[in-house]
Every structure is written in C-alpha cells, then in structure tokens.
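Just so it is clear, the values below take in all heavy atoms, side chains as well, and ignore hydrogens, waters and symmetry mates. Quick caveat, the model's predicted, so the values are computed rather than measured. The chains referred to below are lettered A, B, ... by the order of the sequence lines, with proteins before strands, and numbering in each begins at 1.
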Amino acid sequence: MEEFMNILRDIRPDVDFENCTTLIDDKILDSFDIISIITELNSQMDVAVPADQIIPENFNSAQALWAMVEKLLDE
Amino acid sequence: MRKRVLAAVALILVLAIALCACEKGSNDTSINPNSGANSKDYVFKSGSTVIEMKADAEAVLKALGAYKSSYEAPSCAFDGMDKIYSYNGFDLMTYSQNGKDLISGVVLRDDTVETPEGIAIGSKAEDVKKAYGDFEKDATSATFKTDNCKLLIIFDGGVVTSIQYIALVEK
Amino acid sequence: MSFVSLGFLLFLLILFILYYALPRRFQWALLLAGSLVFYAFASPKYLIYIAVTALSTWFAGKLIHDAYAARDAFLKDTPDITKEEKKSCKEAAKKKGRSIMVCCLILNLGILAVCKYTDFAIGTINSLFGTDIAFLRFALPMGISFYTFQSMGYIIDVSRGKYQAELNPARFALFVTFFPQLVQGPISRFDQLSQTLYSEHAFDAQKITQGAWRAVWGFFKKMVVADRLVPVVTGIAQNPDKYAGGYVLALVFFYTIQLYADFTGGIDITIGVAKMFGVDLAENFERPFFSKNITEFWRRWHITMGTWFKDYIFYPVSVSKWMLKVSKWSRAKLGTQLGKRVPVYLSTILVWLATGIWHGASWNFVVWGLLNCLVIIISQELEPLYAKFHEKCAFSNTRGWDIFQMFRTFWLMAFLRVLDVYRNVPLTFRMVPTIFSSKGWSEMFSGGMLKFGLEVRDYIIVAIALVIFLIVGILQGKKPVAEQLAEKPLVPRYLIVWILIIVILVFGAYGIGYDATQFIYNQF
Amino acid sequence: MKKRIVKIVICVVLLAATLFLLQKLLVPKYATTNEEGILSSEYYANAGNNDVLFIGDCEVYTNFSPVKLWRDYGITSYIRGTPQQLTWQSYYMLEDTLRYETPKVVVFNVLAMKYAEPQNEAYNRLTLDGMKWSTTKLDAVKASMTDEETVASYILPLLRFHSRWSELTSEDFNYLFKTEKLSHNGYLMRVDAKPAGQVPDPVPLPDYTIGPKCWEYLDKIRETCDKNGIRLILIKAPSLYPAWYDQWEKQIEDYAGKYGLEYINFLELADELEMDYNTDTYDAGLHLNLSGAEKMSAWFGKYLSEKCGVEDRRSDAALAAEWAEREAFYEYMKEAQYKQLREEGAVTRYK
C-alpha cells in the first residue's frame with residue numbers, strides 16, 4: 001500500500017491523495033497523469049490495467065485505485 | 001477458425017459496400033483543390049486598347065476615342081442603363097452596377113476587325129477550331145467560356161457570320 | 001434537410017404534435033420513423049449506409065450479448081469449478097467478444113475509410129509516385145463520421161462489458177439515427193443517451209420551452225453570425241493571390257468566429273430540439289473560448305469527440321502491452337524522467353493524428369492535428385517553468401492575466417484553424433507570415449473588406465453579436481442561461497425570446513443574396 | 001392549465017402581429033421608386049366591367065391608354081401588364097382576371113416569347129407580389145421561380161425583404177398602410193419625349209427558336225380564351241428596341257395562321273399610325289410616351305370597335321361616372337407632368 005501511495009505522490013506531489021475522492025470529477029488528474037499511474041503500476045508493481053478499467057469510479061480516489069489494483073492482482 | 005470466417009465475412013461486406021458506394025457522389029460539394037488556376041479571360045483588342053469583360057467602361061471609352069454613335073436603353077423598372085457604343089467594325093455594350101458602367105459585351109460587326117486569336121467574320125470553322133479548341137461538328141454556333149467571358153461565334157455553312165464577347169454576369 | 005430551412009421547421013412541427021398526441025409507448029418508434037424520414041430527405045440512397053452500420057452493429061452487439069450470456073449461465077450452473085477453469089471460461093468469452101467487436105469495427109470503419117479517404121489516399125499516392133490514378137469521388141453520406149463513431153463506441157463498450165447490448169434492432173437503430181444529432185453530433189454514449197431516448201415523455205412545458213429557447217439561440221448564432229461571415233471567409237481563402245497580409249489576419253479571426261457560431265449554434269439547435277422531445281443529449285461545448293490554455297480548450301471544445309478519442313484510442317493504446325514494453329525500453333535507454341513520457345507522448349501523437357484525419361480527408365487536417373499535438377506537448381514540457389513563473393510573478397494570479405491567457409488561447413486556436421480553409425498546407429504556411437508584411441492593410445480599411453458582399457452594417461451586426469456572445473458566455477459560467485431565463489418574470493422572459501426571434505428574422509443572413517450554407521461540420 | 005394556454009395564445013398573437021407590421025414595413029412600397037411594381041396590385045380595385053384586357057410586358061402598359069379608348073370609342077379596358085412579364089405570367093394574369101370578370105377581347109403582346117425560361121427574381125417580384133392570394137398566384141409563382149427562389153418567400157415576403165432594414169426610407173413609413181394610385185387602368189403615363197435617333201443594329205443570335213415553355217403557355221392562353229368565348233389578339237408593340245427579329249415574327253405568324261388568330265405587328269404599321277419616333281417615345285424607342293400611346297389607342301380602338309364589335313358603353317350612366325373620375329385623374333397627371341417639364345425640365349415623378 002505504501003509503495004502504491006509513493007507511486008501516486010511521485011507523479012503528482014501537489015495532490016492530496018489521502019483525502020481527495022474527486023480526482024477525476026474535479027479534473028485534478030488529467031489523462032497524462034492517468035497514463036503515468038498505469039505505466040508506473042505496471043513497471044513497479046507488475047499490474048496490467050486494461051483499458052476497460054479506466055473509468056472515473058476507479059480513479060476518483062486513492063482507495064478506489066487501490067481496490068482496483070487488488071482486484072487485478074487477485075485475478 | 002470462426003474468427004477467420006467472421007473476418008472474411010466482414011471483408012466481403014466492406015468490398016460490397018465499397019462497390020455500391022462506387023456510384024459517383026452526385027452532390028459532391030468538395031472543392032476541387034486544383035480548380036484555382038484558371039485560364040486567361042478572352043479579351044478583345046482595338047488597336048492598343050484591351051477590352052476586358054466586366055472591366056470599368058470609363059477608361060476603355062476614353063482610350064477608344066470618339067464613337068460613331070451611341071444608344072441608351074434603360075431597364076423596364078429599377079435603376080440602371082444599358083449603353084451601346086458603335087465604333088468602326090464593332091459595338092461595345094455596357095451595363096451599370098453600383099453606379100458604375102461595366103463592359104457587358106463586344107460585337108464584331110464586319111471583317112475589318114478580328115479577335116487577338118486571329119478570327120474574323122468570314123473565317124472558316126476549322127480556323128476557329130484551331131484558335132479556340134474543339135466544338136460540335138456542324139454546329140451553327142460555338143461558345144468558349146472563361147471566368148468572366150463567353151465568346152460566342154455563329155456560323156453559316158462553315159463560315160463565321162458573327163463574333164460576340166459576352167460578360168458572364170449574374171443579373 | 002438543413003436545420004436552417006422552413007422544411008425542417010415544418011417537419012419538426014408535425015413530428016412534435018404527433019409525438020405528444022400519440023400514446024406514449026409509441027414515442028420512440030415515432031422518433032425512429034422521423035429520423036429515417038429526415039435522413040431520407042438528405043438523399044434516400046444514403047439510407048443504405050446508415051442502415052448497414054446500424055444493423056451490423058446491432059447484430060454484433062447481440063452476438064456478444066449471447067456469448068456473455070452463455071458464459072454467465074455456465075458459471076452459474078457449474079459453481080464448483082476451479083479458479084483456473086473459471087478464468088479460462090471468462091478469457092474465452094472475452095476473446096470471442098473481442099473478435100466480434102473487431103469484425104464490426106473493420107466493417108464499419110472500412111465503410112467510413114472507403115467513403116471518406118479513398119480519394120485522399122489516391123491523391124497522396126499520385127503526388128508521391130507521380131501516378132495518375134483517377135479519383136473515385138464517393139458520395140459522402142450525411143453525418144457518417146458521427147454515427148460511425150457513435151456505433152463503434154457502443155460496440156467497444158458492449159465487448160468490454162460496460163453495459164448490456166440492446167437486443168431490439170429498431171430501438172438500436174434509433175440510437176444510431178436519432179435525427180437531431182445526425183447532422184453534426186454530439187457523439188452520444190449509449191448508456192447515457194438510452195436513459196431518456198426510449199422512455200415515455202409526458203408533455204413537460206418547462207423542458208419544452210427551455211429546449212425551444214436553446215434552439216432559437218442556436219439559430220441566432222448560425223443565421224445572424226455564421227452565415228453572414230461565409231462570403232468573407234471563402235472570399236479571402238479562395239483568392240490567396242488577391243488577399244494577403246491584413247486580410248489573412250481577418251480570415252483567421254472571422255473563420256474562428258464563423259466556425260464557433262456555426263458549430264456551437266448547430267449543437268444548440270440539436271440539444272434544444274432533442275430536449276423538446278424529452279431527450280437529454282450530452283453537452284458538446286463548455287464555453288471553449290474561456291479556456292486559458294490549449295489543453296483546457298480541447299476539454300471544452302467538441303467534448304464528445306475528445307472523450308471518444310480518449311476512451312477508445314488514447315487509453316487503450318497507452319496501456320496496451322506493446323506500449324508498456326516501449327515504456328520499459330525507453331526507461332532503460334533514456335532514463336526514468338524522459339523514458340516515462342515516451343508512451344504518453346506516443347499515444348498523444350496518435351490521437352491527434354486520428355483527430356486530424358477525422359476532421360477531413362486532406363493533409364491540411366493532418367498537419368493541423370499534429371500542430372495541436374505539438375502545442376500541447378510543448379506546454380506540458382514547459383509546465384515546471386510555468387510553475388516557477390507563477391511563484392515569482394504576483395500578477396499571474398490577477399484577473400487581467402486570466403484574460404490575457406484566454407486571449408492568447410483564442411488566437412493560438414484561430415491560427416491553427418486557418419489550415420481548414422486554405423487549399424493546401426504549403427499555401428497556408430506561405431500566407432500566414434504575410435500578416436507581418438505591409439500587404440493589404442491599407443487597402444483593407446479603405447473599402448477592401450466591403451468587396452465580399454458584406455457592408456459596414458454587416459460588420460456592425462457581427463460586432464454586436466460578439467458582445468452578446470460574450471455576455472451570454474459570462475452568464476453561462478454560473479448556470480445554463482435557459483434556466484436563468486426561466487427564473488425571470490414572465491414579461492421580460494418572453495420579451496427576450498420575442499426580440500431574439502425578430503432579430504433572427506430581420507438580421508439573419510438568409511434568403512436571396514445569402515447562400516444558405518451547409519453546416520461546416522456536416523460532412524466531417 | 002387554462003392560464004398557460006391563454007399565455008401562449010397571447011404570446012403567439014403578439015409575435016404574429018409584430019411580424020405582420022415588420023413585413024408591412026420592410027416590403028418595397030413602389031410608391032415613389034420602382035413604381036412599376038404597383039401595377040399588378042392596382043387591378044383589384046378596378047375589376048369588373050372591362051371588355052378588353054391587355055396582358056404582356058412594358059410594351060402594353062406604356063403603349064395603350066384605356067382612358068383614350070373610353071373617350072374615343074366608349075371601350076372599357078384594363079392593362080394587366082407588368083415589367084418583363086413572361087409568357088406564363090401573362091397566362092396567370094389572364095387566369096387571375098377571370099376570377100373577377102370575363103372580358104370580350106384579350107390582347108397579348110408577344111415580345112416576352114423570346115424568354116424561354118424564368119429570368120430574374122427582381123422582375124418576378126414586381127409581377128407576382130402584387131397579385132392577390134389564390135391557387136392561380138401559387139401556380140404563377142411556381143412557374144416563374146428562378147433556382148434561388150422559394151415559394152415560402154412569396155407567402156411571407158418578409159423572408160425575402162428582411163435585409164431591407166438598412167435601406168428603409170421615408171417612403172416606407174409614409175406608405176406603411178396606404179398606397180399611391182399611379183396607373184390609369186394599368187397605363188403608366190409619361191409625357192416627356194426623347195428622340196429615338198440611331199437604334200443599334202440587332203445582334204445576331206445563335207438560335208432564334210422560341211422555347212417550348214412559351215408555346216405551352218401561349219397554347220394555354222389560347223385555350224382559355226376559346227373556353228370562355230374570348231377573342232384573342234396577338235400584337236407586337238411598335239417599340240424599336242429591343243430588337244424584334246424576323247425569325248421570331250415568322251414563328252408567331254405561323255402560329256397565328258395555324259389557329260386562325262389575329263396578329264398585328266405595329267412595327268409594320270408605324271406609318272399608318274403616324275408614329276414619329278422623335279416625339280412619341282420617352283426613351284429613344286423603347287417605350288411610347290402619352291402622345292405615342294394615344295396614337296396607338298386611336299388606331300386600336302377603331303379596330304376593336306369596327307373589327308371586333310366591342311361595344312360603346314358611354315351610355316351606361318354608372319360606368320360613365322366611374323370613367324369620368326378616371327379621366328379627371330388622367331388629366332391631372334398629364335398636367336402635373338407637363339408642369340414638371342416646364343419647371344424642372346424633366347419628368348421625375350408620375351404625379
């Protein structure tokens with residue numbers, strides 16, 4: 001989990017990932033950030049996020065993202 | 001296997017649609033990118049004066065000097081006046097637009113004058129063909145169009161009887 | 001059938017009366033019938049194209065649905081299989097879904113490509129290899145890019161399992177052919193549009209009047225501004241020998257205004273008309289010229305196209321296995337900082353290439369797309385510099401600075417857009433720099449601008465209309481103007497609409513002397 | 001609900017009323033400029049009791065004087081001529097007239113036979129906009145429209161004239177609700193003269209064949225006259241310009257011969273008419289002035305009463321009173337124009 005949070009912080013140091021739950025809805029993350037997160041997840045945690053998982057619900061908060069990662073790791 | 005069949009079916013459908021699409025689009029509104037370059041307008045020359053259709057008549061009239069006679073024809077309603085000036089060998093017509101007289105036509109009246117391409121009343125149809133390009137065989141008249149000008153040549157028995165420059169204007 | 005025609009208004013009136021007079025369960029069927037009539041008016045022979053797309057996509061959706069239903073049934077009936085077996089069953093269904101989807105994509109994008117890009121390809125081959133292959137001049141069915149993209153979005157979503165396929169072919173056909181959006185979008189998503197497209201609608205006077213207001217506003221933009229500017233734009237763009245220098249700047253400005261008024265006005269009509277039938281369409285614009293940078297601009301201009309490219313091209317390409325490999329490779333070779341940008345930028349370039357080609361089959365649009373991409377990448381790269389600048393300079397937080405940024409974005413977009421109107425790319429690059437020469441400037445202000453059939457009065461009308469656009473844009477920032485209008489007392493509310501209608505009728509650029517022009521976006 | 005309906009009705013009525021006023025304001029008035037446009041609407045106040053009907057272009061409305069016909073022969077007549085009235089428009093003018101009365105003689109001027117297709121939107125407007133609404137007008141509109149025109153813009157002329165907002169003059173406000181009477185049963189008077197002088201030689205044409213649409217509508221005119229027991233007379237007015245070609249003359253003569261119609265070419269009768277092209281035309285041979293028109297009317301009135309048996313109706317007291325008023329207006333205008341000539345040196349206004 002901590003490794004995961006570091007990835008996020010590394011990409012956008014200015015964002016409060018702990019508390020924010022409207023990362024997409026409030027346009028805090030743009031598509032560049034989303035792709036950066038996915039590529040980092042892939043290279044550092046070996047998780048492949050398919051395109052159909054890129055929906056606002058999965059990216060609106062760090063918790064949601066983590067839940068998605070866990071689910072993908074599980075499969 | 002199934003995938004391949006599906007792909008093949010799809011491909012055949014594309015080709016079929018493409019074929020039925022091959023009938024040429026009738027309301028193709030796209031602008032031909034090469035249509036910009038237009039051939040030069042036909043002009044009539046009297047001495048050193050170039051008479052170009054839709055050009056301002058004032059300068060031309062001045063350059064041509066005195067005319068033999070002139071005639072003014074007002075239109076039935078509306079403002080504006082068509083004018084006809086007769087010179088030796090040809091008539092010059094003007095129309096008015098936004099308070100200015102513009103040249104609407106030149107009619108060659110006898111064989112003392114000829115077009116810059118060397119055609120005069122009495123020329124042969126073959127010479128016209130050589131000078132301006134092909135037209136229908138045995139036609140009693142031929143027209144050649146450029147952007148602003150229509151050149152009308154009338155024949156009688158393979159001999160030119162009338163040559164007219166007519167401005168292409170939307171009235 | 002053009003939106004700006006009495007025929008369309010008559011069609012709308014008849015359909016509207018029937019829609020609310022008939023029993024509500026027939027409403028969606030009536031919309032389908034109306035849409036087909038609308039399309040048939042454009043030209044009956046084009047119906048075949050849209051029918052093939054609608055039916056093939058419906059059929060593919062149904063096949064995918066069957067495959068997934070079979071999977072679900074199998075998983076439900078045999079609960080005690082191993083995790084591996086479960087996974088392979090899911091994989092198999094997914095694979096099948098994907099292959100059906102791919103076939104559907106090949107078919108429909110194939111039709112689009114053949115209709116739209118054959119001559120472009122032939123032209124390019126001819127100029128590259130000096131060959132002389134004849135152009136085929138295919139008919140371009142109305143709105144083909146829009147309905148094809150809308151259908152393809154649907155089939156991709158279905159294969160991804162985002163939502164269930166629509167099994168009724170007639171209902172699905174309505175999704176593809178719904179008449180207000182046929183001409184120029186917006187590109188709707190099935191899950192969003194289906195919420196109101198098929199439901200039964202009572203006569204909701206408030207919603208209907210608000211829809212009507214919106215449509216009237218659209219007509220104002222189109223008829224008073226966009227159509228009025230057509231002669232200047234085409235006049236300057238098609239006679240580059242005559243009009244250089246100052247005229248080019250005028251072209252840049254007026255074309256952008258014309259495009260804005262035409263496209264957003266058309267969308268206002270579309271959304272307003274749909275609303276009158278109780279259907280909610282996605283917004284396609286969010287006050288685009290209030291954007292402070294080009295990235296933001298593209299989030300607010302032609303939104304449904306932007307999100308389409310993002311969801312169906314940008315993300316899938318960015319996270320594809322191939323791209324992840326590229327990412328690993330570039331990090332190893334170029335270092336983390338530089339390497340991690342490679343996949344994002346590659347996908348961005350691809351998306352903008354596609355966007356350019358989507359807009360039109362010519363190199364002008366390809367170059368235009370790539371220039372947009374270039375600006376976006378440069379501003380992304382300069383991000384740290386901007387941050388520093390903001391820290392250092394206090395004025396960067398002022399209102400004036402915001403306005404400067406909007407101004408800058410407007411002109412940046414305007415200059416990129418001028419590629420739309422010149423005959424070809426080299427010509428554009430030759431003409432734009434002439435702005436900085438002395439050519440044309442003095443002539444322009446001594447009657448030169450009045451040579452295109454526009455008089456001083458026309459420019460005054462455009463100027464006044466631009467002020468109105470600005471005021472409405474600022475008001476729009478709070479909430480939709482139609483809603484604000486609805487809150488006003490009866491008399492001023494109707495007075496505004498009444499004045500607007502009269503202004504359109506009197507000051508609209510229509511009828512003899514004004515060529516009713518097709519929507520610019522119609523055949524993109 | 002009821003309240004809502006009332007509100008909607010009020011809104012619609014208000015909008016319609018505004019549009020109506022706006023349309024009234026924006027359409028051309030033809031009272032002091034392009035006066036020829038008033039001709040086509042002036043008929044309706046004078047319908048009924050006209051034994052002779054003239055149809056055709058400016059070669060009828062400047063060349064015949066109904067007042068002269070009445071004065072000398074007691075013939076009641078009306079000229080439904082309009083500028084560049086095309087053959088199909090002449091036919092529909094006849095049809096339209098038949099809705100109000102059935103004349104005994106119809107006179108059609110054949111110059112318009114040279115136009116095989118709809119010509120000019122502006123002239124269409126002058127002829128058509130003044131007609132009262134009927135299926136006849138709709139048919140006339142459909143037959144006359146050029147490619148750029150729409151039926152809707154005839155139903156709602158606002159759609160056509162909306163861009164006149166910047167060209168409005170005091171004329172548009174002064175004549176918002178009234179019209180100016182300018183013609184004498186369709187005759188548009190001019191008293192000034194301009195000698196014809198040298199009329200230019202005709203320009204040779206590539207093709208002299210009269211178009212099928214012209215023949216089609218001339219057939220219709222002829223058939224309608226037959227059906228209604230009307231005597232149809234074809235004429236060519238004695239205007240020197242535009243040119244009337246021999247080739248056209250022959251085709252018209254052949255047609256008249258084929259159907260046993262009278263055809264009078266006044267160009268050939270110039271001597272008999274004692275036409276003097278130095279004094280009888282106001283624009284060098286295109287249109288006749290009052291003197292010319294009265295010469296024409298004197299000759300033609302005799303023809304009508306002697307050859308066609310058109311009655312002398314001066315004994316009808318009611319008619320005589322009506323025509324006395326017209327004569328007074330005729331004299332008034334004549335005097336007004338001579339006064340202009342004397343005081344201003346030119347005729348610039350009809351009244």
Worksheet entry | chain D contact via C:Leu505 - side chain, backbone, both or neither, heavy atoms under 4.5 Å | both
Worksheet entry | Shortest non-hydrogen separation from C:Leu490 to D:Lys7 and the atoms involved | CD1-CD, 3.3 Å
Worksheet item: If you measure from CG on D:Leu156 to CG on C:Leu6, what distance do you get to the nearest 0.5 Å?
Response: 7.5 Å
Worksheet item: Which answer fits C:Ile460, side chain, backbone, both or neither, if we ask what part of it has an atom under 4.5 Å from a heavy atom of chain D?
Response: neither
Worksheet entry | Reported CG-to-OG distance for the pair C:Asp458 and D:Ser163, which is rounded to 0.5 angstrom | 9.0 Å
Fill in: Heavy-atom proximity to chain C below 4.5 Å, by part of D:Ser153
neither
Discussion item. Counting only heavy atoms from other residues, nucleotides and ligands, does the tally under 6.0 Å from NZ of D:Lys351 exceed 12?
Written reply: yes
Discussion item. With a 4.5 angstrom heavy-atom cut-off, is it the side chain or the backbone of D:Leu26 that approaches chain C, or both, or neither?
Written reply: side chain
Worksheet item: CZ of C:Phe203: more than 12 outside heavy atoms within 6.0 angstrom?
Response: yes
Discussion item. Is it the case that over 12 heavy atoms from other parts of the model lie below 6.0 angstrom from the CH2 atom of C:Trp498?
Written reply: no
Item to complete: Measure across C:Tyr510 and D:Leu159 and return the closest heavy-atom pair with its distance rounded to 0.1 Å.
Response: CE1-O, 3.3 Å
